[in-house]
Amino acid sequence: MPINVAIDGPAGAGKSSIARAAAKRLGYIYVDTGALYRAVGVYSLRNGVDTKNAEAVTGTLPHICVDLKFQDGVQHVYLNDEDVSEEIRTPPASMAASDVSAVPAVRQFLFDLQRDIAAKNDCIMDGRDIGTVVLPDAQVKIFLTASPEARAMRRFLELQQKGAKDTYAEVLADLVQRDYNDSHRAVAPLKPAEDGVTVDNSGLSLDDSIEQVLAVIRETLAAKQA
Ligand code: DC
């Protein structure tokens with residue numbers, strides 16, 4: 001049976017950088033499930049569909065095929081056979097993803113794809129509901145979090161490096177809004193799994209966060225094998 005590690009947590013906790021590095025060290029694949037919701041959101045943005053209108057978003061699903069491909073261990077997300085890995089990273093795509101992720105039909109639409117990948121591969125899968133809903137039997141479940149200010153500062157620096165003009169205040173406001181959306185929606189809200197471990201990395205460097213997550217994974221797997 002493949003080893004599945006679920007890493008959930010709010011935006012900007014460093015989930016993707018940490019999960020990607022940890023997966024590489026362990027020889028697992030890294031699956032970023034947020035990219036799937038982002039791809040669904042991008043379809044609506046491109047087609048002028050109001051992402052806050054659940055019925056309209058549900059109506060886009062029969063026209064969408066989302067897929068993940070791994071090239072040299074790097075995940076690429078495809079929307080109707082087009083690689084949209086770059087386009088999904090813009091701030092409007094982030095907000096659209098948060099909106100469409102609250103639509104039950106969207107979550108259902110992406111559920112099987114996530115389960116299939118995990119059933120076939122040793123993987124670290126990151127998202128919001130991986131340990132609670134998608135992979136309730138994952139051997140390791142980590143809830144990775146940090147203060148809103150620490151998370152907003154990381155996001156802000158990341159966007160600045162890409163040449164984006166967003167201010168720190170805008171990034172913080174955006175993140176607080178997304179936290180609220182993600183944890184207050186009716187389906188699969190963001191919350192720690194009861195049988196998981198919470199890691200708060202507010203004061204930790206990226207390297208130390210990776211080591212801490214690797215330690216939790218190794219200790220949890222060792223305890224299960226004992
Ligand atoms: O992790 P991210 O920022 O790329 O995720 C984009 C949005 O998708 C985020 O607002 C919450 C949502 N999401 C989700 O609801 N469930 C997941 N498993 C992953 C992401």
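When a ligand or atom number is given, it counts from 1 through the structure's own listing order.
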TODO: Among all protein heavy atoms, pick the one closest to atom 7 (C) of ligand 1 and tell me residue, atom and distance.
DONE: Ala97 CB, 3.7 Å
Task: Which residue and heavy atom of the protein sit nearest atom 8 (O) of ligand 1, plus the separation - done: Tyr37 CB, 3.6 Å
Open item on the list: Once you restrict to heavy atoms under 4.0 Å, what part of Arg178 touches ligand 1? Side chain, backbone, both or neither.
Closed with: side chain
Open item on the list: Evaluate Arg38 for polar contact with ligand 1, using N/O atom pairs at a separation under 3.5 Å.
Closed with: yes
TODO: Compare all side-chain heavy atoms of Ile124 with those of Ile217 and state whether any distance is below 4.5 angstrom.
DONE: yes
TODO: Would you mind reporting whether Asp179 and Arg151 have side-chain heavy atoms less than 4.5 Å apart?
DONE: yes
TODO: May I ask you to check if ligand 1 and Asp182 share an N or O to N or O distance below 3.5 Å?
DONE: yes
- [ ] Return a yes/no value for Arg128: is any of its N or O atoms, backbone included, closer than 3.5 angstrom to an N or O of ligand 1?
- [x] yes
- [ ] Could you tell me how the ring of His76 sits relative to the ring of Tyr78: parallel (under 30°), tilted (30 to 60°) or perpendicular (over 60°)?
- [x] tilted
Open item on the list: If the cut-off is 4.0 Å to any non-hydrogen atom of Asp129, which atoms of ligand 1 fall inside it?
Closed with: 16 (N), 17 (C), 18 (N)
Task: Arg185-ligand 1 polar pair, N/O distance under 3.5 Å - done: yes
Open item on the list: Between Asn201 and Arg154, is there a side-chain heavy-atom distance shorter than 4.5 Å?
Closed with: yes
Open item on the list: So for ligand 1, is Thr33 a polar contact partner (N or O within less than 3.5 Å, distance only)?
Closed with: yes
Open item on the list: If you measure every N or O of Arg107 against every N or O of ligand 1, does any of those distances drop under 3.5 Å?
Closed with: yes
TODO: Return yes when Met95 approaches ligand 1 closer than 4.0 angstrom through a heavy atom, no otherwise.
DONE: no
- [ ] Just jot down the side chain to side chain contact (heavy atoms under 4.5 Å, CB included) partners of Gln160, sequence neighbours excluded, or say none.
- [x] Phe156, Leu157
Open item on the list: If you define the side chain from C-beta out and look only at heavy atoms, does anything of Lys141 sit under 4.5 Å from Asp195?
Closed with: yes
Open item on the list: Let me confirm one number: the CZ-CG distance from Arg46 to Asn80, rounded to the nearest 0.5 Å.
Closed with: 8.5 Å
- [ ] For Asp182, check side chain to side chain donor-acceptor pair (under 3.5 Å) against everything at least two apart and list the hits.
- [x] Ser98, Arg128
Task: Ligand-side contact atoms (ligand 1) for residue partner Ser98, heavy atom cut-off under 4.0 Å - done: 10 (O)
